[in-house]
Amino acid sequence: MKGLLVKDLRIAAEQKTLLALMLFCALICLFTMRDPTFVIGYMCLICATLGSTTCAYDEMNKGMSFIMTLPYSRKVYVFEKYLFSLMMGLGAWVLSTILATACMFILKKPIGAEYFSTVFMFLSPIFLIPGVMIPIILKFGHARSRIALFIIVGIVLALGGILSLVGSVNIGMGNYFFDAGEVYGMIRVIPAGYIAAIITVITIIFFVASMLLSLALIKKKEY
Amino acid sequence: MIKIDGLKKEYSDFKLDISVEFENGTINGIVGTNGAGKSTLFKAILGLISYKEGVITINDKNVRDFKYDDKERIGCVMTDSFFSETFSIKDIAAIMKATYKSFNRDAFIKKCEEHKLPLNKKIRDFSNGMKAKAKVLCALSIDTDVLILDEPTVGLDIIARDEILSEIRDYMEENENRIVLISSHISSDIEKLCDTTYMINDGKIVFHDDTDRLLSDYAALKVDEDSFEKLDKSHIMAYKKEKYGYECLTDEKEYYSENYPSMVIEKMTVDEMMMIIIKGEKV
């Protein structure tokens, strides 16, 4: 796997101007915005997409045929993509958390449980972004994956819209009466720790399912 | 030895059906028209495509069971595929060093310098010839048992082609048990380099023989219609109608020069043989 990691790190190094610009913007945001945790989300989101960027580079000039002749199995190729995405995302999370915490100290803002729960909340997208992007790119290729991604984002937004509508209505069906507001109320009273645990479990299940899906997709592919 | 036994691969408009053996210590040339099946054959050996029927073994091990250590013993040059063109030679050297235990970085860099390939320039800024050289030199810097070269001299001028063929020859001399498979549209490359030439057409190997024998014993007989009727066709492999009569391919040039002294007998290139075998009639 070492060769693939070296390859992807060199591709990431190609993005050095973008990454330097990102860091510059992050530093400005740290001191100009009221909420330094914004920077954590910003840096994590950009760096978590680096893994899928390397997929696009692999595909350029029909490069996948050659890469698949390297002595690594297809399974190793897929695992490396997820590992690389996590390395980049977690690296950005650690760096941005250090910067944000330092900024909180400098600005003399309170660092408590709420701050740390926000910081840990940003771990979830680090797993979710490659979990969504990698199988889409493997299935559709880089060019068509953008269209697929637009469609998926559209479906998610539409579902969100439907749920918000449902939240404002009450539906009666015989003896059963569905009150969405009551359901939301119940969710709100669940302790934050439980919600964090539920999100963590869902994220892990999603990430593993995404890896298995990517593996199934790449095994079927012909280069 | 590479043994391909009953390999069948079907696409909607093409079917590959091949059984062949390539011996250790040989350079094997694969010739054929575009779409004949050369690249499909190579891709099957390299595990890039699936196939429902047939078995491919390298040194008695099924390629489907290959692990890292087995795959590391196979080098290849793909005609239109390589690392991302945003990389430089130095990047490629670092990746290859981290990938192959046997990759000789110093030898690769030295060869690139000898062939005047800039080490820090991105591959996308290379000429086609420079790209072709970089691919071949990269493959030749690994210690392999099998080297698969799909059109490695595409885009190279005659001098560069000769240099690359010389590099391949030297590579073969380092370990005489190696097997090299090379496809090329340039018949002179095959004639200069290969021990055996295989002709592939419409997914099947239609013909193969030692390259030395192709060049010494094969010839074109040019005869008018009357002479063609009377001709002993026992050593004629194929013939093609021409304006003057018939052009016949024989693998026994001496036989016809002794028995038909007035007959026009001409040496042929591999390309010309391929034309008669593919487009002509079988006897």
Side-chain angles (χ1 to χ4, degrees), chain A residues 1-19 49-81 83-84 87 137-139 141-143 215-223, chain B residues 9 11 39-40 42-51 63-88 90-103 122-124 126 131 134-135 138-139 142 144 146-150:
Chain A
M1 195 185 283
K2 194 175 152 197
L4 293 173
L5 282 171
V6 171
K7 171 181 71 62
D8 286 351
L9 283 169
R10 294 211 169 225
I11 292 173
E14 289 286 319
Q15 318 290 316
K16 56 181 178 285
T17 314
L18 174 77
L19 294 174
T49 58
L50 278 175
S52 42
T53 304
T54 63
C55 290
Y57 273 77
D58 288 350
E59 259 191 22
M60 263 186 222
N61 313 110
K62 299 181 185 171
M64 279 303 279
S65 302
F66 180 75
I67 287 167
M68 287 297 137
T69 68
L70 296 177
Y72 302 111
S73 64
R74 294 181 181 207
K75 191 171 157 185
V76 169
Y77 178 84
V78 165
F79 285 166
E80 186 274 341
K81 284 295 170 210
L83 177 66
F84 180 77
M87 279 167 56
I137 292 178
L138 288 176
K139 172 71 183 170
H142 179 63
L215 210 54
L217 289 170
I218 204 166
K219 277 187 177 169
K220 279 186 193 164
K221 276 218 151 191
E222 302 210 327
Y223 294 98
Chain B
K9 172 72 184 171
Y11 294 103
S39 296
T40 308
F42 287 170
K43 284 180 177 184
I45 299 172
L46 290 164
L48 297 176
I49 55 171
S50 61
Y51 45 91
V63 294
R64 281 180 164 155
D65 301 327
F66 271 20
K67 299 279 184 273
Y68 176 89
D69 288 343
D70 306 300
K71 288 183 86 178
E72 209 199 16
R73 305 296 301 168
I74 302 174
C76 83
V77 169
M78 310 285 287
T79 183
D80 54 359
S81 177
F82 195 43
F83 286 117
S84 164
E85 293 197 345
T86 57
F87 289 143
S88 66
K90 279 191 174 170
D91 290 326
I92 290 170
I95 298 164
M96 291 294 283
K97 183 75 192 158
T99 303
Y100 292 90
K101 291 192 280 268
S102 66
F103 180 74
K122 290 183 191 302
I123 301 286
R124 68 169 168 237
F126 280 20
K131 284 179 193 172
K135 285 185 202 176
C138 184
I142 322 163
T144 61
V146 174
L147 187 61
I148 293 176
L149 308 166
D150 193 7

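Since the structure is predicted, the reported quantities are computational estimates derived from the model, not experimental observations. Atom set for the values below is all heavy atoms of this structure, side chains included, hydrogens, waters and symmetry mates excluded. To find a chain, count down the sequence lines: A is the first, B the second, and so on, and within it residues start at 1.
- Applying the ring-ring contact (aromatic ring centres under 6.0 Å, His included) test to B:F82 and every residue at least two apart in sequence or in another chain returns A:F66.
- The parts of A:N61 that come within reach of chain B are both its backbone and its side chain, each placing non-hydrogen atoms under 4.5 angstrom from that chain.
- Rounding to the nearest 0.5 Å gives a distance of 12.5 Å between OG of B:S84 and CZ of A:R10.
- Between A:I67 atom CD1 and B:I95 atom CD1 the span is 8.5 Å, to the nearest 0.5 Å.
- From B:L46, atom CG reaches atom OG of A:S65 across 10.0 Å, with rounding to the nearest 0.5 Å.
- Among A:R74, A:K221, A:K219, the residue making the largest number of heavy-atom pairs under 4.5 Å with chain B is A:R74.
- With a 4.5 angstrom heavy-atom cutoff, A:L5 does not touch chain B via any of its atoms.
- In this structure, A:M60 and B:R124 have side chains that are not in contact, with every pair of non-hydrogen atoms separated by 4.5 Å or more.
- A 4.5 Å side-chain heavy-atom check between A:Y223 and B:M78 finds every atom pair outside the cut-off.
- Listed by sequence position, B:Y68, B:K71, B:E72, B:C76 are the residues of residues 68-77 of chain B in contact with chain A, using a 4.5 angstrom heavy-atom cutoff.
- Residue with the most contacts toward chain A among B:K135, B:E85, B:K43, B:M96: B:E85 (heavy-atom pairs, distance under 4.5 Å).
- Closest non-hydrogen pair, A:E14 versus B:T86, comes out as OE2-O, 3.4 Å.
- With a threshold of 4.5 angstrom between heavy atoms, B:K122 approaches chain A through side-chain atoms but not through N, CA, C or O.
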Inset, instruction - Apply side-chain contact (heavy atoms from CB on, under 4.5 Å) to the pair B:Y100 and A:L70, showing each step before the final yes or no. - result: CA-CA 9 Å; B:Y100 292 90; A:L70 296 177; 3.7 Å; yes
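- If you measure heavy-atom distances from B:F87 to chain A, the contacts under 4.5 Å come from the side chain alone.
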Inset, instruction - Starting from the C-alpha separation in whole Å, work towards a yes-or-no answer on side-chain contact (heavy atoms from CB on, under 4.5 Å) for A:M64 and B:S81. - result: CA-CA 7 Å; A:M64 279 303 279; B:S81 177; over 6 Å; no
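- Residue B:K131 does not touch chain A at all, counting heavy-atom pairs closer than 4.5 Å.
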